[in-house]
Amino acid sequence: MNPTSRIPVSVEFFPPKTPEGVEKLRTVRQQLYALKPDFCSVTFGAGGSTQEGTFKAVADILAEGVSAASHFSCIGATRETVRAQLATLKAMGVKRLVALRGDLPSGYGAGGEFHYASELVAFIREETGDDFHIEVAAYPEVHPQAKSPDSDLQAFATKVRAGANSAITQYFYNPDAYFRFVDDVAALGVHVPVVPGIMPITSSTQLMRFSDASGAEIPRWIRLRLQSFGDDTASIKAFGLDVVQGLCEQLRAGGAPALHFYTMNQSVATIALCERLGLTG
Ligand code: FAD
């Protein structure tokens with residue numbers, strides 16, 4: 001692929017918890033629409049904890065004339081609740097889902113009729129045929145609970161064979177892990193687009209916290225540089241922009257089919273990155 005060619009972009013939000021958050025997200029969305037995203041996705045709290053907020057944000061995006069994907073996690077859910085949620089999403093005009101297992105917050109009882117995302121994907125296909133484009137999650141640096149790297153690759157292949165159309169990865173800062181993952185799943189006969197999830201770097205502490213929880217590795221050189229900036233947020237942001245721009249350029253040059261930005265409901269860093277990458281409009 002020509003490294004200067006335009007590749008599609010999508011952006012991810014989480015459902016705000018307060019009326020102020022809803023208004024702020026409305027403004028952020030308008031700013032990000034300048035990037036002409038292929039779609040905007042909205043996360044879904046495991047156990048259905050954010051269902052109302054997720055569906056509301058998805059409805060707002062659709063009403064603004066932009067394609068929206070609802071994340072959908074199945075841990076703790078029953079067939080009956082999933083069937084009802086799918087019917088709601090279909091009636092709203094949603095055409096795209098990000099189908100996940102999810103992680104139950106501690107203290108939440110297990111239960112539920114789904115154990116893995118592959119079961120959710122199979123159920124969605126069984127119930128709704130080809131009504132939805134289904135995305136699944138991919139982990140180039142291996143899902144933290146996987147029994148082994150190989151079993152994680154097999155689990156990914158199983159999800160795709162159950163009916164997923166494409167995948168979005170957990171964020172990473174090591175492009176080799178992504179390219180290796182794409183080669184490994186291709187060797188298993190899995191050829192769906194695997195879109196890198198890109199986390200802009202804007203705060204050192206936030207990034208460390210997320211990465212500890214998600215198993216995404218911060219390479220030592222990035223971690224040390226970030227630590228050396230202390231509270232100097234301007235330097236953290238400038239460094240973060242350089243690092244993530246370089247990552248995106250390598251991914252694009254290596255054939256990544258699109259870029260999916262974890263915006264954290266902020267517009268500035270994603271827009272700055274896309275401007276540098278020539279992906280505005
Ligand atoms: P699965 O694909 O089911 O995999 C979970 C684990 O089980 C893996 O370790 C896998 O190797 C293993 N496994 C799978 N199948 C089998 C099997 N048959 N036998 C044994 N082991 C198996 N979380 C949310 O709560 N809400 C969101 O909106 C959300 N959005 C996300 C978006 C993206 C792009 C990504 C990358 C993650 C997102 N997450 C979200 C986090 C996700 O829910 C967690 O990472 C969760 O722990 C795994 O979900 P999964 O769908 O990848 O699970």
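First listed ligand is number 1; within each ligand, the first listed atom is number 1.
In His260, neither the side chain nor the backbone holds a heavy atom less than 4.0 Å from any atom of ligand 1. The proximity of Tyr262 to ligand 1, defined as any non-hydrogen pair under 4.0 Å, is limited to the side chain. Residue Lys147 touches ligand 1 through its side chain alone, judged by heavy-atom distances below 4.0 Å. Contacts between Arg101 and ligand 1 below 4.0 angstrom, taking non-hydrogen atoms only, involve backbone and side chain alike.
For ligand 1, the polar-atom distance check against Thr43 finds no nitrogen or oxygen pair separated by under 3.5 Å. For ligand 1, the polar-atom distance check against Asp103 finds a nitrogen or oxygen pair separated by under 3.5 Å.
Remark: Asp231 CG is loosely packed, at most 12 non-hydrogen atoms of other residues, nucleotides or ligands lying under 6.0 Å away. Annotation for Arg225: atom CZ does not count as buried by contact number, only 12 or fewer foreign heavy atoms lying within 6.0 Å. Heavy atoms of other residues, nucleotides or ligands lying less than 6.0 angstrom from CD of Glu80 number 12 at most. In the displayed structure, Arg26 atom CZ is contacted under 6.0 Å by more than 12 heavy atoms of other residues, nucleotides or ligands.
Per-residue contacts place His71 under 4.0 angstrom from the following atoms of ligand 1 (heavy atoms of the residue considered): 27 (C), 28 (O), 29 (C), 30 (N), 31 (C), 32 (C). Atoms of ligand 1 found under 4.0 Å from any heavy atom of Ala137, numbered from 1 in the order shown, are 35 (C), 36 (C), 52 (O). Close approach of ligand 1 to Gln145 is summarised as follows: ligand atoms under 4.0 Å from at least one heavy atom of the residue are 9 (O). Residue Gln170 has at least one heavy-atom neighbour below 4.0 Å for each of these atoms of ligand 1: 36 (C).
Taking the side chain as every heavy atom from C-beta outward, Tyr171 and Ser214 approach each other to under 4.5 Å. Put simply, the side chain of Val98 does not reach to within 4.5 Å of the side chain of Val136, judged on heavy atoms.
Across the listed options Phe14, Tyr139, Tyr116, Tyr116 owns the non-hydrogen atom lying nearest to atom 15 (N) of ligand 1.
Comment: Asp242 engages Arg276 in a salt bridge, judged by a side-chain N to carboxylate O separation of less than 4.0 angstrom.
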